[in-house]
Enquirer: 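Shown below is the structure under consideration.
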Amino acid sequence: MSTPPVPPAQPDALPDALPYALARLGTREHPTFGLDTFGDLELGPDGRPVHEAEAIRQVVAEGVLADEVGVDYLGLGEHHRDDYAISAPDVVLAAIAAQTSRIRLGSGVTVLSSDDPIRVHQRFATLAAISGGRAEVQLGRGSFTESFALFGHDLSDYEVLFHEKLDLFAAVQTEQPVTWSGTTRPPLREQVVHPRTEAGLLPAWIAVGGTPQSVVRAAAYGMPLVLAVIGGSPAGFTQLADLYRRALTEYERPELPVGMHSPGHVAATDELAREQMYPHQAAAFSRIGRERGWGPYTRAAFDEGASAQGALFVGSPETVATKIAWAVRTLGLSRFQMKYAVGALPHAQRAESIRLYGTEVIPRVRELLAQERA
């Protein structure tokens, strides 16, 4: 796989704060384990989706639970459609920050193309202040495009919007006076952005769906990488992880974390976990499939995803832990993130999945990885 052309690497303006910030995200030797949600709407007693306000309150409760049971990270995805409640992740994360003490909090993802990179940094730097330095942000293009029309952007500018806004965010991230120019907004000259973080750096990942250009761009900007693995096998992403590490070497960057995001669900047994997750996975993916011209989601596709090397991390604590340990070893991950809320999966089942993930899955994964290193 050849290295695609990308923008020149940014100046090394972050060396003092970078090692401290990266150590808290996880390393290959000591990976961290997180959960993701978009604020999916469960069905109420009347068989209709609960109000978005109720779904957001459920996410806050789930974030507090995740902190209590030992989960390392919670990521909230930004969407602007009627099947997901979260459009302002930083606001919900601030509510969770006020009720937690240890869990790291971030977006998964912030749709940078349709946002203002200065405001993104300000909001998450504010979250860092509220949380005592536990904030981070994951930047991406998003898997849906509703935000472009909503905020007055043209989809024909898809590429230039992300490129220029990422370039500006990287400049703001240095927390030094910013001089910048581009085509998507007026230029800046020696502009200081407030508030600054106490650590001197707001950790920012780039989340990608599988394009080599995006992987190399993350290396060029010296940002950690998150691979969204929602289909196929995690093993199929090893080339992209290797490409990222080669690009870091070519850009003379230090080793940076590689993370992975995949759907999953944990229950007492494999059978129960699959039976709980399947109908909601099928409904959600069938809806997306109709929008994008795909065929209907089938039980065969679900079972393939739930197999030992598929993209669905669904099963008993032992099954899910074994599969996560395999994915961590295969890709050299510094963090694994499981999207625990799938479609209309009930809040009670999500809460039990969180409890099992924190109290049984994460300790077992660490035990398996330690055995491998011994």
Enquirer: Looking at Gln58, Lys339, His280, which one forms a side-chain hydrogen bond (donor to acceptor under 3.5 Å, both in side chains) with Asp40?
Expert: Lys339
Enquirer: On a heavy-atom basis, which atom in Ala311 and which in Ile230 lie closest, and how many Å separate them?
Expert: CB-C, 3.8 Å
Enquirer: For residues Tyr244 and Tyr251: do they belong to one hydrophobic cluster (side chain heavy atoms under 4.5 Å, members Ile, Leu, Val, Met, Phe, Trp, Tyr)?
Expert: yes
Enquirer: State plainly whether the residues Arg287 and Glu291 are in salt-bridge range, i.e. N to O under 4.0 Å.
Expert: yes
Enquirer: Picking from Thr110, Asp116, Asp115, what satisfies side-chain hydrogen bond (donor to acceptor under 3.5 Å, both in side chains) with Arg123?
Expert: Asp115
Enquirer: Walk me through whether Glu190 and Gln176 qualify under side chain to side chain donor-acceptor pair (under 3.5 Å).
Expert: CA-CA 8 Å; Glu190 294 295 306; Gln176 301 298 315; over 6 Å; no
Enquirer: Among Val320, Thr319, Val314, which one satisfies side-chain contact (heavy atoms from CB on, under 4.5 Å) with Ser316?
Expert: Thr319
Enquirer: Is the NZ or CZ atom of Arg335 both under 6.0 Å from the centre of the six-membered ring of Tyr73 and within 45° of that ring's axis?
Expert: yes
Enquirer: Under a 4.0 Å N-O cut-off, is there an ion pair linking Asp270 with Arg274?
Expert: no
Enquirer: Test Arg189 against Ser181 for side chain to side chain contact (heavy atoms under 4.5 Å, CB included), laying out the working first.
Expert: CA-CA 9 Å; Arg189 183 171 179 80; Ser181 63; over 6 Å; no
Enquirer: Looking at every heavy atom in both Gly358 and Pro363, which two are closest together, and how far apart are they?
Expert: O-CD, 3.4 Å
Enquirer: Go through Glu62 and Tyr340 one step at a time and tell me if the side chain to side chain donor-acceptor pair (under 3.5 Å) criterion holds.
Expert: CA-CA 10 Å; Glu62 290 160 4; Tyr340 68 91; 2.6 Å; yes
Enquirer: List the steps, then state whether side chain to side chain donor-acceptor pair (under 3.5 Å) holds for Glu78 with Ser107.
Expert: CA-CA 7 Å; Glu78 172 198 345; Ser107 59; over 6 Å; no
Enquirer: Enter the distance from His121:NE2 to Arg196:CZ here, rounded to the nearest 0.5 Å.
Expert: 10.5 Å
Enquirer: Can you tell if the side chain of Val208 reaches within under 4.5 Å of the side chain of Val226, non-hydrogen atoms only?
Expert: no
Enquirer: If we only count heavy atoms from C-beta on, is the Leu139 to Leu166 side-chain gap below 4.5 Å?
Expert: yes
Enquirer: So do Phe33 and Gln337 actually touch side chain to side chain, heavy atoms under 4.5 Å?
Expert: no
Enquirer: Within 45 degrees of the ring normal and closer than 6.0 Å to the centroid, is that where the cationic atom of Arg292 sits relative to Phe144?
Expert: yes
Enquirer: Output yes when a side-chain donor or acceptor of Tyr278 lies under 3.5 Å from a complementary backbone atom of Arg299, and no otherwise.
Expert: yes
Enquirer: Below 30° counts as parallel, above 60° as perpendicular, anything between as tilted: where do the rings of Phe38 and Tyr84 land?
Expert: perpendicular
Enquirer: Verify ring pair (Phe, Tyr, Trp, His ring centres under 6.0 Å) between Phe169 and Tyr221, making sure each step is shown before the conclusion.
Expert: CA-CA 10 Å; Phe169 182 91; Tyr221 282 98; 9.8 Å; no
Enquirer: Atom NZ in Lys165, atom CZ in Arg185: separation rounded to 0.5 Å?
Expert: 9.0 Å
Enquirer: For Glu304, does the CD atom have more than 12 heavy-atom neighbours from other residues, nucleotides or ligands under 6.0 Å away?
Expert: no
Enquirer: Is there a side-chain contact between Leu43 and Pro49 in this structure, where contact means two heavy atoms from C-beta onward sitting under 4.5 Å apart?
Expert: yes
Enquirer: Quick one, Asp72 and Arg102 - any side-chain contact, counting heavy atoms below 4.5 Å?
Expert: yes
Enquirer: Taking the six-membered ring for Trp, are Phe313 and Phe336 closer than 6.0 Å centroid to centroid?
Expert: yes
Enquirer: Checking Gln349 against His265 for the side chain to side chain donor-acceptor pair (under 3.5 Å) test, could you report, in this order, the C-alpha distance in whole Å, the side-chain angles of both residues, the deciding distance, and whether it holds?
Expert: CA-CA 9 Å; Gln349 293 178 14; His265 177 61; 4.6 Å; no
Enquirer: Group every Ile, Leu, Val, Met, Phe, Trp and Tyr by side-chain heavy-atom contacts under 4.5 Å, then state whether Leu105 and Tyr357 land in the same group.
Expert: yes
Enquirer: So Leu225 and Leu256, do their side chains get closer than 4.5 Å, heavy atoms only?
Expert: no
Enquirer: Under 4.5 Å between side-chain heavy atoms, hopping through other hydrophobics if needed: is there a path connecting Leu127 to Leu112?
Expert: yes
Enquirer: Partners of Ser101 by side-chain hydrogen bond (donor to acceptor under 3.5 Å, both in side chains), sequence neighbours excluded?
Expert: none
Enquirer: What's the verdict on side chain to side chain contact (heavy atoms under 4.5 Å, CB included) for Thr179 and Leu188, showing C-alpha distance, side-chain angles and the deciding distance?
Expert: CA-CA 5 Å; Thr179 296; Leu188 298 171; over 6 Å; no
Enquirer: Val229 vs His261, test: side chain to side chain contact (heavy atoms under 4.5 Å, CB included). Steps then yes/no.
Expert: CA-CA 6 Å; Val229 182; His261 155 103; over 6 Å; no
Enquirer: Applying side chain to side chain contact (heavy atoms under 4.5 Å, CB included) to His79 and Glu146, what does each step give before you reach the verdict?
Expert: CA-CA 8 Å; His79 293 83; Glu146 289 85 356; over 6 Å; no
Enquirer: What I'd like to find out is whether the side chain of Val172 reaches to under 4.5 Å of the side chain of Pro117, using heavy atoms alone.
Expert: no
Enquirer: To the nearest 0.5 Å, what is the distance between CG on Leu93 and OG1 on Thr126?
Expert: 12.5 Å
Enquirer: Which value, rounded to the nearest 0.5 Å, describes the distance between Glu54 atom CD and His51 atom NE2?
Expert: 10.0 Å
Enquirer: Would you say the side chain of Ser334 lies within less than 4.5 Å of the side chain of Thr32, judging by non-hydrogen atoms?
Expert: no
Enquirer: Verify the cluster assignment for Ile206 and Leu161: are they in a single hydrophobic cluster under the rule of side-chain heavy atoms below 4.5 Å apart?
Expert: no
Enquirer: CG of Leu76 to CD of Gln138: how many Å apart, nearest 0.5 Å?
Expert: 10.5 Å
Enquirer: Give a yes or no on whether Val258 and Leu25 share a hydrophobic cluster (residues Ile, Leu, Val, Met, Phe, Trp, Tyr; joining criterion: side-chain heavy atoms under 4.5 Å apart).
Expert: yes
Enquirer: What's the spacing between Leu243 CG and Glu250 CD if we round to 0.5 Å?
Expert: 8.5 Å
Enquirer: Near Glu367 CD, under 6.0 Å, is it more than 12 heavy atoms from other residues, nucleotides or ligands?
Expert: yes
